Amino acid sequence: MQACHTSDLHTHSRASDGTLTPAELVQRAHQQGVQTLALTDHDTLAGLAEARQQAQSLGVHLLTGVEMSCVWQGIGIHIVALLPNQQDLGKLNAHLIPQEAARQQRAQQIAERLARTLAPKPEREALTAQIWQQAQEYAQGTSLGRPHFAQVLCDLGYVTNQRQAFKKYLGSGKVGDVKTNWPSLAEATQGLRAAGTITVLAHPMRYRLTQRKRSHLLQAFQAAGGQGLEIVSGRQEASQTQQLVKEARALGLKMSWGSDFHKPTPWQDVGRFSPLPASITAEESILHWLH
Ligand SMILES: [Zn+2]
Ligand SMILES: [Zn+2]
């Protein structure tokens, strides 16, 4: 079951891998009854200015946020960082610059590796350039990711749809699955704290860890300065929510939540995610610490 919530603290726009423009996202949130919205694009603040303008005109309370990728024990982990009001963006932006560079480097590598697989040697350089250029056009100045390359592979006729592109070329273990040199969990968390944000471990159930391993992750996160835990991410079982609330309380982590919205589907929308437990107190809620 999904409920309609008045706050959604984890959403994506076209500035990373969402499908709506930042303005469209805010408008949709408003239509769905969301009053407090955090835009948390992957590793970039590029969508914020546009989102803020729309939020002001509609009276939506927009929180500055970002979702940062990092690594812990070889596992890719996401941290949602939310900036309390009145904090300036400069430090947070500076912390994200190497992250953006790493993403660009990875994108360049994807283009090269795809061309190496798809074309004979004399044509590779030209194909790399073509893939790179077209992918950038799709990304429109935002973070270049695998979905953009999937679209290019469709256009060039190597596959008939995005799903096939991932299955043959871009999915896990395929030629275009290039690992990025993300920072460690500790580096990412410490940097985000120094930039004035409140840091939240995103979608803890999605890493498919045992309870014991998750507990180690949460302890490592907290030791690095991590402050919060997403107790609800999109659709999840009530038993998972209860478990995460218990784990957050055991460590004194603040509780956060969100849809992790990327695009409107019959199952996914801004402000729609599994119910929050009524037992959460004001001090346990991350909202309390964001004003
Ligand atoms: Zn994520
Ligand atoms: Zn996300």
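First listed ligand is number 1; within each ligand, the first listed atom is number 1. Bear in mind the structure is a predicted one, so any value in this text is a computation, not a measurement.
- With 2.8 Å as the limit, H78 counts as an N, O or S neighbour of the Zn ion (ligand 1).
- Checked against the Zn ion (ligand 2), the N, O or S atom of D260 at the shortest distance is OD1.
- What you find for C4 and R272 is that their closest heavy atoms are SG-NH2, 3.4 Å.
- Here H203 reaches the Zn ion (ligand 1): one of its N/O/S atoms is less than 2.8 Å from the metal.
- Residue E67 approaches the Zn ion (ligand 2) most closely through its N/O/S atom OE1.
- Nearest heavy atoms, T117 versus V175: OG1-CG2, 3.2 Å.
- The aromatic rings of H78 and H203 sit perpendicular, their planes meeting at an angle over 60°, well past the 30° parallel limit.
- Between H5 and F273, the two ring planes are parallel [angle under 30°; tilted spans 30° to 60°].
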